[in-house]
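Working notes, structure below.
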2 protein chains.
Amino acid sequence: MPPQNDNPEVSLDTLIGYALRKAQLKVFQHLVNELEKFDLRPAQFSALAIIDQNPGLVQADLARALDIEPPQLVPLLNKLEARALAVRVRCKPDKRAYGLFLSKAGEQLLKELKVIAQQSDEASTATLDDAERAQLLGLLQKINRNHDCL
Amino acid sequence: MPPQNDNPEVSLDTLIGYALRKAQLKVFQHLVNELEKFDLRPAQFSALAIIDQNPGLVQADLARALDIEPPQLVPLLNKLEARALAVRVRCKPDKRAYGLFLSKAGEQLLKELKVIAQQSDEASTATLDDAERAQLLGLLQKINRNHDCL
DNA sequence: TATTGTTATACTCTATAACTATA
DNA sequence: TATAGTTATAGAGTATAACAATA
């Protein structure tokens, strides 16, 4: 922390965006470190979870759910397929598209990863108690509701 | 009883990290759009605010405060100096280092930007009322307090 | 002609090693 | 020798246009 601060009445510390970014970097970095042991990135974990909850969805749907562009999905899914965690299956009605499914190994790994992610969440927010964590989750989800202002 | 492995207890929507990331992207993107009108990035705004509160700090201090590496600071400060918003001044005691100061124009622009940032904060969290916003800020700051290294 | 997934490309952000000039 | 700032560079993450196969 740099030297003194003689005019603190309006500062970065009153901005939600500033605190939000710092907190996100901290929590995200913790998860990155945990998932590194599985040679996975957070987006790959999220992809596994979304496929698990929406078996058969096509890549465009997954891209929208992850809020990334379709081209970014290609190496991500290649990696998951190469590790036999997920599969692309040609759609019967529309042979341009692929339905996405988890393999048994993918389902099993995902179960492990969910525990890891939950523990990472708690470890990186260890200054909060359970009630505060629940409160925070509710507030964040409330922010994430209205997407029409974007 | 066969133990069911569905595990709906832990999905992405129960993870603080997931909600935190989505909220941060939303709030950050809103600020990026607002600052774009001034041809500035959030890190440049933060740099202006930190220099303003800590006039004369050296670049290593600013890098630490912004949580970026010193090399990333070079083009950032070059831009601020080229626009005459901030200046690097050789330190008298240690001629290797530069003290950083805002120009009058920098101070004046910063005053404007603080209003913009505050409005951006409120606009991108418009689903929250003032009490919830204050609550959220407190929770985030609590996360950002690290007790393992002071 | 339009769409799904893919390739190629570029632009930003970030991280690290090496260089300069001072100490 | 060690440090402050800089340069050069490489690695991610992200965004867009263009292409192939299919509709």
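Chain A is the first sequence line, chain B the second, and so forth, proteins listed ahead of strands; every chain is numbered from 1. Worth knowing before you read on, the calculation uses all heavy atoms, side chains too, and leaves out hydrogens, waters and symmetry mates.
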- Note on the structure: For A/Asn33, the side chain to side chain donor-acceptor pair (under 3.5 Å) test, sequence neighbours excluded, returns A/Gln29
- Task: Output every pair passing salt bridge (Lys or Arg N to Asp or Glu O under 4.0 Å) with a member in residues 53-62 of chain A, not counting sequence neighbours, ordered by first then second residue.
- Result: A/Asp61-A/Arg64
- ILVMFWY clustering at 4.5 Å (side-chain atoms), partners of A/Val89: A/Val87, A/Phe101
- Item | Interatomic distance where CG belongs to B/Asn78 and C1' belongs to D/dA8 [whole Å] | 15 Å
- If you link I, L, V, M, F, W and Y whenever their side-chain heavy atoms are under 4.5 Å apart, who else ends up in the same group as A/Leu25? none
- Heavy atom of residues 58-65 of chain A under 4.0 Å from DNA chain C: which residues? A/Val58, A/Gln59, A/Ala60
Side-chain donor/acceptor pairs under 3.5 Å, residues 67-78 of chain B, sequence neighbours excluded:
residue : atom : partner : partner atom : Å
B/Asn78 : OD1  : B/Arg88 : NH2          : 2.2
B/Asn78 : ND2  : B/Val74 : O            : 3.3

- Rounded distance in Å - NZ (A/Lys79) to P (D/dG13): 10 Å
- Find the distance B/Leu77:CG to D/dA4:P and express it as a whole number of Å. 16 Å
- Message: A/Asp129: which residues meet the salt bridge (Lys or Arg N to Asp or Glu O under 4.0 Å) condition with it, sequence neighbours left out?
- Response: none
- Nearest-Å distance, CG (A/Asp67) to C1' (D/dA15)? 13 Å
- Query: Rounded to the Å, how far apart are A/Leu73 CG and C/dG5 P?
  - Reply: 9 Å
- Message: What I want to find out is whether A/Asp121 reaches A/Arg133 closely enough, with some N-O distance under 4.0 Å, to be called a salt bridge.
- Response: no
- Is there a donor-acceptor pair closer than 3.5 Å between any side-chain N or O of B/Asn144 and the backbone N or O of A/Ala19? yes
- Task: List in numerical order all residues of residues 38-45 of chain A for which some heavy atom is under 4.0 Å away from an atom belonging to DNA chain D.
- Result: A/Arg41
- Note on the structure: Whole-Å distance, A/Ile68 CD1 to D/dA15 C1', equals 12 Å
- Task: Rounded off to whole Å, could you give me the CD-to-C1' distance for the A/Glu36 and D/dG11 pair?
- Result: 14 Å
- Query: Where do B/Lys95 and B/Lys92 come nearest, in terms of heavy atoms and distance?
  - Reply: CG-O, 4.2 Å
- Query: Taking the hydrophobic residues Ile, Leu, Val, Met, Phe, Trp and Tyr, and joining any pair whose side-chain heavy atoms are under 4.5 Å apart, which ones share a cluster with B/Phe28?
  - Reply: B/Val32
- Message: Angle between the end axes of the helix from C/dG5-D/dC19 to C/dA23-D/dT1, five pairs per end, to the nearest 10 degrees?
- Response: 10°
- Gap between atoms CG and P, on A/Leu100 and C/dG5 respectively (whole Å): 8 Å
- Message: Under 4.5 Å side-chain heavy-atom separation, chaining through any Ile, Leu, Val, Met, Phe, Trp or Tyr, what else clusters with A/Tyr98? Say none if it is isolated.
- Response: none
- Task: Go along nucleotides 16-23 of chain C 5' to 3' and tag each nucleotide: B for a protein heavy atom under 4.0 Å from its base, S when only backbone or sugar atoms are that close, - otherwise.
- Result: BB---BBS
- Query: For the atom pair NE2 (A/His30) and OG (A/Ser120), what is the distance rounded to the nearest 0.5 Å?
  - Reply: 5.0 Å
- Query: Which pair of non-hydrogen atoms, one from A/Leu80 and one from A/Leu48, has the smallest distance, and what is that distance?
  - Reply: CD1-CD2, 4.0 Å
